[in-house]
2 protein chains.
Amino acid sequence: MADSTRAGDGAPTLHDVAAAAGVSFSTVSNVIRNHPHVREATRKRVLDAIAAVGYRPNLVARNLRSGRSGVIGLAVPELNQSYFAQLADDVIRAAGAEGYVVLVEQTGGRRERERELLRDPRLALTDGTLISPLGLTRDDAKDIALGRPVVVLGQPLLDEADHLTMQHEAAARAATTHLIEGGRNRIVLLGAHPAEQGTTASLRRDGYRAALEAAGLATPDELVVPIEVWDRHHGAAAMWELLRSGTVFDAVFAMNDDLALGAMRALHERGVHMPADVAVIGFDDIDEGRYSYPSLSTVDPGRRQIAELAVAMLLERIMGTTDAAPGRMVAPDFRIVVRESSTT
Amino acid sequence: MADSTRAGDGAPTLHDVAAAAGVSFSTVSNVIRNHPHVREATRKRVLDAIAAVGYRPNLVARNLRSGRSGVIGLAVPELNQSYFAQLADDVIRAAGAEGYVVLVEQTGGRRERERELLRDPRLALTDGTLISPLGLTRDDAKDIALGRPVVVLGQPLLDEADHLTMQHEAAARAATTHLIEGGRNRIVLLGAHPAEQGTTASLRRDGYRAALEAAGLATPDELVVPIEVWDRHHGAAAMWELLRSGTVFDAVFAMNDDLALGAMRALHERGVHMPADVAVIGFDDIDEGRYSYPSLSTVDPGRRQIAELAVAMLLERIMGTTDAAPGRMVAPDFRIVVRESSTT
DNA sequence: TCGTCGGTTTACAACGTTGCAATTGCAACG
DNA sequence: CGTTGCAATTGCAACGTTGTAAACCGACGA
């Protein structure tokens with residue numbers, strides 16, 4: 001039980017085990033690594049010694065030797081946004097199934113922070129990175145040299161990285177079309193990021209516009225509401241402001257479910273009925289939307305599959321089981337989920 | 001710009017920089033470590049070489065040398081439960097402010113997994129662990145020898161660890177009392193874990209019972225609803241079942257907000273009005289509760305402060321800035337947050 | 001001119017592994 | 001009874017740092 005062989009306060013090492021078992025530390029290493037040529041009696045003696053001194057391999061040393069850490073990094077805007085919490089959940093599970101653990105970083109969706117993260121030597125602790133950028137543009141990323149496996153969840157951004165792209169535009173278009181087919185024609189877009197190109201926000205906005213144009217509807221500027229941070233709070237605040245302004249509308253397409261839920265709260269408070277007065281659809285299919293009142297229509301982008309696919313792509317790079325050039329994959333099909341908030 | 005000095009595919013090391021700068025690698029190390037005695041000209045030459053070869057320190061090697069990794073582990077049931085997602089958010093922020101990053105593990109609240117995690121050598125990658133156990137009991141934990149900094153969010157569990165305990169019982173009692181003061185007397189407890197002692201669930205149940213007894217109310221068995229997993233789905237399902245059974249009640253105290261939100265959905269679907277017919281209060285004060293309809297009354301346990309305090313306690317152990325025996329801290333005050341769901 | 005004393009630079013031994021190369025021991029063989 | 005062959009064991013050089021001890025080198029005072 002006791003660890004009488006140990007000196008100082010450090011954890012026992014191979015050498016401590018070796019001393020306890022009366023063999024060289026190489027032999028202990030052989031036992032641990034399942035080296036084929038170890039006599040049964042020796043193996044047992046070593047295993048007993050391991051138990052006796054309470055030895056645990058020092059993973060840091062092992063990593064230094066092997067060049068691998070068994071850790072992947074996941075960078076998301078913030079876990080307080082349900083979509084990313086659930087994405088992180090899925091990623092941790094998928095990675096865990098392959099024996100990897102996950103270091104989670106929050107970017108707040110700020111481009112400087114996203115940039116910094118991709119260059120941060122801290123990431124060298126991980127074998128690779130999965131990043132879901134929000135603010136970063138191709139321009140910002142131009143001079144980033146990675147030299148390590150990275151998978152980007154989003155639009156093509158880095159030449160050296162793999163990309164897993166959602167069908168933002170098509171999905172946004174389908175969501176908007178769903179509202180139009182329900183007879184709506186003054187549809188608010190909640191969460192625009194005006195100045196940007198090639199980001200999640202701009203692609204979804206393009207889809208929204210395309211749907212309206214295809215239906216012969218105009219897209220008045222006052223219906224496109226910019227919101228920097230896509231959380232419930234900002235969704236509610238923006239909706240309050242919109243209601244205060246007296247703008248007339250009969251539907252809302254929110255850039256994500258958090259914004260939609262925040263907006264719904266504001267609509268409730270003003271006594272606006274959903275879906276009778278205003279139909280609402282969000283994006284992401286977070287779990288909450290099933291349980292809200294009214295339950296929230298949304299776009300299911302296949303989050304779970306995306307997480308699994310992204311982890312698989314990253315691990316393939318890490319293990320070097322692929323020699324394909326960095327490329328782009330398009331996420332599996334999205335799906336419009338119709339719930340109460342947009343039922344005609 | 002180019003890295004012509006490099007051989008092979010490995011990242012450049014101190015030696016590569018040294019070669020490029022024409023100094024010994026020790027000097028490079030001195031520059032990096034801000035050793036006082038380096039001639040200005042030399043420093044500049046080395047810095048240029050660092051930039052030229054694109055050197056980044058190898059953190060794994062640094063960690064091996066220093067015995068520190070700058071990583072802490074956070075073990076929570078699952079990020080899909082909003083409270084833990086927000087806790088993780090807070091912990092990552094608090095740790096980040098001190099220069100630490102966070103490796104997140106999910107336990108699913110399963111005792112075996114929680115046990116395993118505390119013994120897993122994988123944790124050796126981290127400098128310490130913050131764990132929020134759900135299933136683990138003192139008995140389960142009896143034979144766990146840590147030998148490393150651990151802070152437990154919850155009841156005293158491990159002799160070698162620090163504990164940060166919420167005032168579960170008092171808070172649950174206050175929540176229940178709030179419902180009673182609103183004139184309710186058939187109060188459902190949602191989320192009991194029947195057989196357990198000393199866990200979050202049992203302490204909150206004790207608080208619930210104490211409040212009822214103090215008010216001279218009975219606690220009929222049919223009002224105490226056991227639910228294993230505290231998420232929206234199970235909350236809704238349990239409420240459906242309760243409604244189906246014909247049990248009469250006029251209020252619900254849910255063990256957490258997710259359960260409450262799930263239950264509210266079921267109540268909505270059955271046309272039960274809140275708070276008129278049934279008052280609801282949850283626990284945790286997750287962000288969602290502000291935006292639900294009706295907005296959810298809850299117990300604010302001071303999550304943010306708890307996260308910051310827990311990180312501070314853990315870092316104190318890691319840095320060895322305290323030599324106090326492992327002990328227990330009680331979390332700062334909770335607060336009953338009254339919103340629409342329990343307004344009389 | 002020599003020794004001393006700074007500041008400056010370099011050498012080197014860890015940190016705890018891994019994995020190959022080298023060594024040992026032993027049995028079967030010629 | 002010395003080889004050969006092979007299993008079992010051991011030695012040792014990495015992996016890329018940090019930090020201490022040692023070495024170097026002018027300049028300055030004696």
Side-chain angles (χ1 to χ4, degrees), chain A residues 5-47 49-50 53-70 121-122 124-125 127 147-148, chain B residues 5-47 49-50 53-70 121-122 124-125 127 147-148:
Chain A
T5 55
R6 278 170 49 193
D9 64 340
T13 73
L14 281 184
H15 291 88
D16 298 315
V17 177
V23 296
S24 80
F25 89 108
S26 287
T27 299
V28 180
S29 174
N30 285 336
V31 169
I32 287 167
R33 295 181 299 120
N34 282 314
H35 184 78
H37 302 303
V38 179
R39 213 179 353 149
E40 207 41 54
T42 311
R43 179 186 308 277
K44 180 169 181 341
R45 196 144 45 92
V46 169
L47 290 175
I50 287 175
V53 305
Y55 169 78
R56 320 227 108 161
N58 178 322
L59 296 201
V60 175
R62 186 175 283 177
N63 295 346
L64 176 60
R65 221 359 252 254
S66 68
R68 297 266 171 80
S69 68
R122 182 84 60 140
L125 275 179
D127 292 340
R148 42 191 258 88
Chain B
T5 54
R6 279 170 48 194
D9 63 341
T13 73
L14 282 182
H15 291 88
D16 298 315
V17 176
V23 297
S24 80
F25 88 110
S26 288
T27 299
V28 180
S29 174
N30 285 337
V31 170
I32 287 168
R33 293 180 299 119
N34 283 315
H35 184 79
H37 302 304
V38 179
R39 208 171 4 138
E40 205 42 53
T42 311
R43 180 187 308 278
K44 178 166 181 348
R45 199 144 44 92
V46 169
L47 290 175
I50 286 176
V53 305
Y55 168 79
R56 324 227 102 167
N58 178 323
L59 296 200
V60 175
R62 185 174 285 177
N63 295 345
L64 175 61
R65 206 23 239 262
S66 67
R68 297 266 172 82
S69 69
R122 182 84 61 137
L125 274 178
D127 292 340
R148 44 192 256 87

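Chain letters run A, B, ... following the sequence lines, proteins first and then strands; every chain starts at 1.
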With heavy atoms under 4.0 Å as the rule, sort A/V60 into base, sugar-phosphate or nothing. nothing
Which part of the nucleic acid does A/N30 contact within heavy-atom distance under 4.0 Å: base, sugar-phosphate only, or nothing? base
Without decimals, in angstroms, what is the distance between [X] [atom1] and [N] [atom2]?
X	N	atom1	atom2	value
B/L14	C/dT9	CG	C1'	15 Å
B/N63	C/dG16	CG	C1'	13 Å
B/N34	D/dT17	CG	P	16 Å
A/R62	D/dG16	CZ	P	18 Å
B/D16	D/dG16	CG	C1'	11 Å
B/R68	D/dG16	CZ	C1'	19 Å
A/H15	C/dC15	NE2	P	9 Å
B/H35	D/dA21	NE2	P	13 Å

Quick one: is B/S29 getting a side-chain N or O under 4.0 Å of the D/dT17 phosphate, OP1 or OP2? no
Roughly how far, to the nearest 0.5 Å, is the OG1 atom of A/T42 from the CG atom of A/L47? 10.5 Å
Which value, rounded to the nearest 0.5 Å, describes the distance between B/R62 atom CZ and B/R33 atom CZ?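 The distance works out to 10.0 Å.
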Heavy-atom pair of closest approach, residues [X] and [Y]:
X	Y	result
A/S69	B/L125	O-CD1, 3.8 Å
A/L14	A/S29	CD1-CB, 4.0 Å
B/I50	B/I32	CD1-CG1, 4.1 Å
A/A49	A/A21	CB-CB, 3.6 Å
A/P12	A/Y55	O-CD1, 3.3 Å
A/V46	A/V17	O-CG1, 4.2 Å

Any non-hydrogen side-chain atom of A/N58 less than 4.5 Å from a side-chain atom of A/T13?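 No; the side chains remain at least 4.5 Å from each other.
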Could you check if a side-chain atom of B/N34 sits within less than 4.5 angstrom of a side-chain atom of B/R43, using non-hydrogen atoms only? yes
Report each atom pair, protein N/O against N/O of nucleotides 11-14 of chain C, whose distance is under 3.5 angstrom.
residue : atom : partner : partner atom : Å
C/dA11  : N7   : B/S26   : OG           : 2.8
C/dA11  : N6   : B/S26   : OG           : 3.3
C/dC12  : N4   : B/S26   : OG           : 3.2
C/dA14  : N3   : B/R65   : NH1          : 3.1

Between D/dA8, D/dG16, C/dT8, spot the one nearest the side chain of B/R39, thanks.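 Of D/dA8, D/dG16, C/dT8, C/dT8 is nearest to the side chain of B/R39.
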State which of C/dT17, D/dT10, C/dT9 makes the closest approach to the side chain of B/H37. C/dT9
Based on the rotation axes of five pairs at each end, what angle does the helix from C/dT1-D/dA30 to C/dG30-D/dC1 bend through, to 10°?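 Overall, the helix from C/dT1-D/dA30 to C/dG30-D/dC1 bends by 80° from one end axis to the other.
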Which sits closer to the 5' end of DNA chain C, A/S66 or B/S66, going by the nucleotide each is nearest to?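 The residue mapped nearer the 5' terminus is B/S66.
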Position toward the 5' end of DNA chain C (nearest nucleotide), B/L64 or B/T27: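 Result of the comparison: B/T27.
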May I ask you to verify whether the side chain of A/R33 and the base of C/dG19 hold a donor-acceptor pair under 3.5 Å? yes
